[in-house]
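Remember, it's 1-based here, ligands and their atoms both numbered in the order they're listed.
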Amino acid sequence: MKLILVGPQGSGKGTQAKLLSKKLKIPHISSGDLLRAAKGRLRKEIDSYIVKGKLYPDEKMLALLKKRFEKKDCKNGFILDGFPRNLKQAKMLDSIMKVDKVIEIDISDEEAIRRLSGRVVCEKCGAGFNNTTMPPKIAGVCDKCGGKLVHRADDTEKAIRKRLEIYHKETKPVLAHYKAFRVNGEKDAKEVFSYIMQHLNN
Ligand code: AMP
């Protein structure tokens, strides 16, 4: 199954993608994680987009994803999180594959800002926590590996607002394009997961 999760930053796409990945036994591919993992000469160029909350160029983003899709673990599909972010990316994706399901995880801008301002990630293993909604056992320390928890460079209020503006202007048309199934992302994560599974089983 080729599944896409669409939602503003902080909607819980990453959390749902991880739960779905475990249940459906297909990998979770986050376009943001792919960009953050890039090394070498690409690093500086990518950072100049991410820090401002701007989109990395569509063609280059697709090229990185295509490489990822070729890996063995994608043979039964994947859960895509963070791509497509605009209609152009959606059409580029349609030209290389047929997407099975698109799910929208919807939250208000106020809730997105509230959640993102509390978001922290582990410097060492990348695990995510939220000081407001999903705090670590010890403040500032990763539950999984003991690494240091830090705010993402693009979780400043200015960059968050920029990303939300892009979401409304550029990403929302993707939902109509795919006739996405909408789920209320402000509900408890377990409830959101069960709505998604119900939809997938229908
Ligand atoms: P995310 O982790 O999904 O919040 O993405 C972090 C940043 O990575 C975004 O603000 C963009 O700068 C970049 N990015 C992620 N996905 C895409 C995409 N599909 N197209 C272009 N840029 C992206």
Subject >> All pairs passing salt bridge (charged side-chain N to carboxylate O under 4.0 Å, His left out) where residues 14-43 contributes a residue, at least two apart >> reply: Asp33-Arg36, Arg43-Asp47
For [atom], grab the closest protein heavy atom and report residue, atom and distance to one decimal in Å.
{"atom": "atom 7 (C) of ligand 1", "value": "Ile50 CG1, 4.0 Å"}
{"atom": "atom 22 (N) of ligand 1", "value": "Tyr56 N, 2.9 Å"}
{"atom": "atom 4 (O) of ligand 1", "value": "Arg152 NH2, 3.2 Å"}
{"atom": "atom 16 (N) of ligand 1", "value": "Ser31 OG, 2.7 Å"}

Subject >> Identified side-chain contact (heavy atoms from CB on, under 4.5 Å) counterpart of Val6 within the set Ile103, Leu80, Thr171, Ile105 >> reply: Thr171
Original post:
Counting heavy atoms only, which of Lys13, Arg85, Lys54 is nearest atom 1 (P) of ligand 1?
Top reply: Arg85
Original post:
Out of Val121, Ile166, Leu35, whose heavy atom is nearest to atom 13 (C) of ligand 1?
Top reply: Leu35
Original post:
Has Ile96 got more than 12 heavy atoms of other residues, nucleotides or ligands less than 6.0 Å from its CD1?
Top reply: yes
Original post:
Between the side chain of Glu186 and the main-chain N/O of Ser108, is any donor-acceptor distance below 3.5 Å?
Top reply: yes
Original post:
Would you find a donor on one side and an acceptor on the other, under 3.5 Å apart, between the side chain of His28 and the backbone of Phe78?
Top reply: no
Only heavy atoms of [X], strictly under 4.0 Å: list the atoms of ligand 1 that pass.
{"X": "Arg163", "value": "4 (O), 10 (O)"}
{"X": "Gln89", "value": "18 (C), 19 (N), 20 (N), 21 (C)"}
{"X": "Met61", "value": "17 (C), 18 (C), 19 (N), 20 (N)"}

Subject >> Nitrogen or oxygen atoms of Gly82 and ligand 1 under 3.5 Å apart >> reply: yes
Subject >> Salt bridge Arg114-Glu110, side-chain N to carboxylate O under 4.0 Å >> reply: no
**OP:** Inspect the contact between Lys172 and Asp106 and indicate whether a charged nitrogen and a carboxylate oxygen are less than 4.0 angstrom apart.
**Re:** no
